[in-house]
Amino acid sequence: MADSSASFTPRTRLLRALTGEPADRVPVWLMRQAGRYLPQYQAVRRQYDFLTLCKTPLAAAEVSIQPLEAIGSEAVIIFNDILLPLEHAGARIAFDERGPLISNPIAEPKDLAGLSEREVIQDEPVAGTIREVRRRIGPDWPILGFVGAPFTLAAYWVEGRMGRELAGIRKLRKSQPDFLLKLLDRITRAAIDYLRIQIEAGADAVQIFDTWGAILNVEDWARFSAPSIRMLINVAKSHGVPAILYIGGCEPYLDEVNRLYRETRASLCLSVDWRMELAAARERLDPGITVQGNLDPKTLLEGPSVAASAVAALFEKYPPRPGYIFNLGHGVLPATPVESARAVIEAVKRFGVYCS
Ligand code: CP3
């Protein structure tokens, strides 16, 4: 095995894992790897408010790249936010210390009536960020673009300020399902364009985040979330890049994920959250679907040695193999010690070698 690592770059290793092809070991990156737990991020963030940082390609590129050196990550996920496409659909977005706030929430058709859509142009800041990242890291490191699943984006827009109950979107789904579908169409148009320009600017793979899809029962997920996700997967497919789908609380939806795969025949990876065993997910998914995940991000709060042991324990239960990308089961938490994130990644590089 020793000399075979020379034949894979982080980019080919990740892309091969996403398409189920053999390489030397499991690749690794972490969701929300750029962010508040990193002092380097905080230093840049002090100079910009969050939205300005997302829209300033030079600064966003710098922050996107920080995790390569700071924690040894093997992929760059572009620094941006899932909510930005909502601005194109007519939402007014702000971020404060409590998180995102949308000042024109949608409760009924009249809330949408006067709002105009703003076209996603080829040269949006996110595209500039991707080109700048590529310029700085060269061809051997993979760049991941991302987009929110339109149902999750609709949930943020309807709530305005996200609460635990998501009462607004639940009510809209019951009382005005046709209007919700109309809202989803509008958001999907923006999301498709936002995804497409990232791929055209150089993203090697894209992740779709359906963080809140799991508030829907399976039948409703198939009706309100899956159709727009299918369109996003098809955008990736038509550009020849793999798609990774994250559903927070994915277990009830695995058959639906299989259905998406059978309908699209795209290169598809499921990012499994920490609530279920990877092996159980693998068992129920079609063999052509690859998997990513799923260490509980809270494990990292317990320090580097606990975190590294947890990686070893995960590989005990789920031995390293092609078709698998190591990640957390959700994003890095702001209180995470940097050394824990670094220890997790080192442990994957050490314990994640494929058995020959
Ligand atoms: O992963 C990365 O490092 C790339 C950048 C990225 C951010 N947000 C930066 C960010 C990504 C991929 C996201 C995705 C995102 N944003 C999701 C889906 C993933 C998930 O967690 O389920 C969601 C739901 C959002 C919406 C959002 N953005 C919330 C709820 C918040 C506030 C709470 C929090 O986690 O900070 C944000 C703000 C945000 N997005 C920050 C960062 C680094 C913190 C901003 C700050 O500096 O104050």
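Every number for a ligand or one of its atoms is a count from 1 in the order of the listing. Below, all heavy atoms of this structure are taken into account, side chains as well, without hydrogens, waters or symmetry copies.
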Tell me if a side-chain donor or acceptor on Thr290 pairs with a main-chain N or O of Leu18 at a distance below 3.5 Å. yes
Relative to each other, are the rings of Tyr318 and Tyr324 parallel, tilted or perpendicular (30° and 60° limits)? perpendicular
Of the backbone atoms (N, CA, C, O) and the side-chain heavy atoms from C-beta on, which set of Arg45 has a member under 4.0 Å from an atom of ligand 1: side chain, backbone, both, or neither? side chain
Heavy atom to atom 29 (C) of ligand 1, shortest distance: which of Pro297, Gly99, Pro100 holds it? Pro100
Which of Leu328, Val272, Asn327 passes side chain to side chain contact (heavy atoms under 4.5 Å, CB included) with Asn294? It is Val272
Distance from atom 35 (O) of ligand 1 to nearest protein heavy atom, with residue and atom: Arg32 NH2, 2.8 Å
Just do the side chain to side chain contact (heavy atoms under 4.5 Å, CB included) check on Leu260 and Ile229 with the steps written out, would you? CA-CA 8 Å; Leu260 280 174; Ile229 291 174; 3.9 Å; yes
So, taking the atom named OG in Ser305 and the one named CD in Glu339, what distance separates them when rounded to the nearest 0.5 Å? 11.0 Å
Heavy-atom nearest neighbour in the protein, as seen from atom 25 (C) of ligand 1, with distance rounded to 0.1 Å: Ile82 CG1, 3.5 Å
Gln47 atom CD: more than 12 heavy-atom contacts under 6.0 Å: yes
Do any nitrogen or oxygen atoms of Leu30 lie less than 3.5 angstrom from nitrogen or oxygen atoms of ligand 1? no
Nearest protein heavy atom with distance in Å, relative to atom 47 (O) of ligand 1: Tyr41 OH, 2.5 Å
Check whether Asp204 reaches the backbone of Ile143 with its side chain - one donor and one acceptor, N or O, closer than 3.5 Å. yes
Tell me, which protein residue and heavy-atom name are nearest atom 3 (O) of ligand 1, and how many Å apart are they? Ala34 N, 2.9 Å
Hey, is ligand 1 close enough to His330 that some N/O pair sits below 3.5 Å? yes
Is the closest side-chain donor-acceptor distance between Gln122 and Glu200 under 3.5 Å? yes
Phe95: numbered ligand 1 atoms lying under 4.0 Å from its heavy atoms: 28 (N), 37 (C), 38 (C)
For Trp157, run the side chain to side chain contact (heavy atoms under 4.5 Å, CB included) check against Thr152, Leu86, Asp111, Ile169 and tell me which one passes. Leu86
In ligand 1, which numbered atoms sit nearer than 4.0 Å to a non-hydrogen atom of Gln33? 1 (O), 2 (C), 3 (O)
Using a 6.0 Å cut-off, check whether atom CZ of Arg136 has over 12 heavy atoms from anything other than its own residue. yes
In this structure, atom 19 (C) of ligand 1 is nearest to the protein heavy atom Phe209 CD2, 3.5 Å
Below a 4.0 angstrom heavy-atom separation, can you tell me which part of Arg36, side chain or backbone, both or neither, approaches ligand 1? side chain
Should Glu132 and Arg135 count as an ion pair when the cut-off is N to O under 4.0 Å? yes
Nearest protein heavy atom to atom 28 (N) of ligand 1, by residue and atom, and its distance? Asp81 OD1, 2.7 Å
So if I count the atoms of ligand 1 from 1 in the order they appear, which ones are less than 4.0 Å from some heavy atom of Ile77? 1 (O), 2 (C), 3 (O), 4 (C), 12 (C)
May I ask you to identify, for Ile78, whether its side chain, its backbone, both or neither come under 4.0 Å of ligand 1 on a heavy-atom basis? backbone
Determine, using the 4.5 Å side-chain heavy-atom cutoff (strictly less than), whether Phe50 and Met162 are members of one ILVMFWY cluster. yes
Which residue holds the protein heavy atom closest to atom 9 (C) of ligand 1, what is that atom called, and what is the gap in Å? Asn80 O, 3.3 Å
Any N or O of Tyr156 closer than 3.5 Å to N or O of ligand 1: no
Looking at atom 45 (C) of ligand 1, what's its closest protein heavy atom, distance included? Phe50 CD1, 3.4 Å
Numbered atoms of ligand 1 (with element) below 4.0 Å of Thr211, judged on heavy atoms: 18 (C), 19 (C), 20 (C), 22 (O), 24 (C)
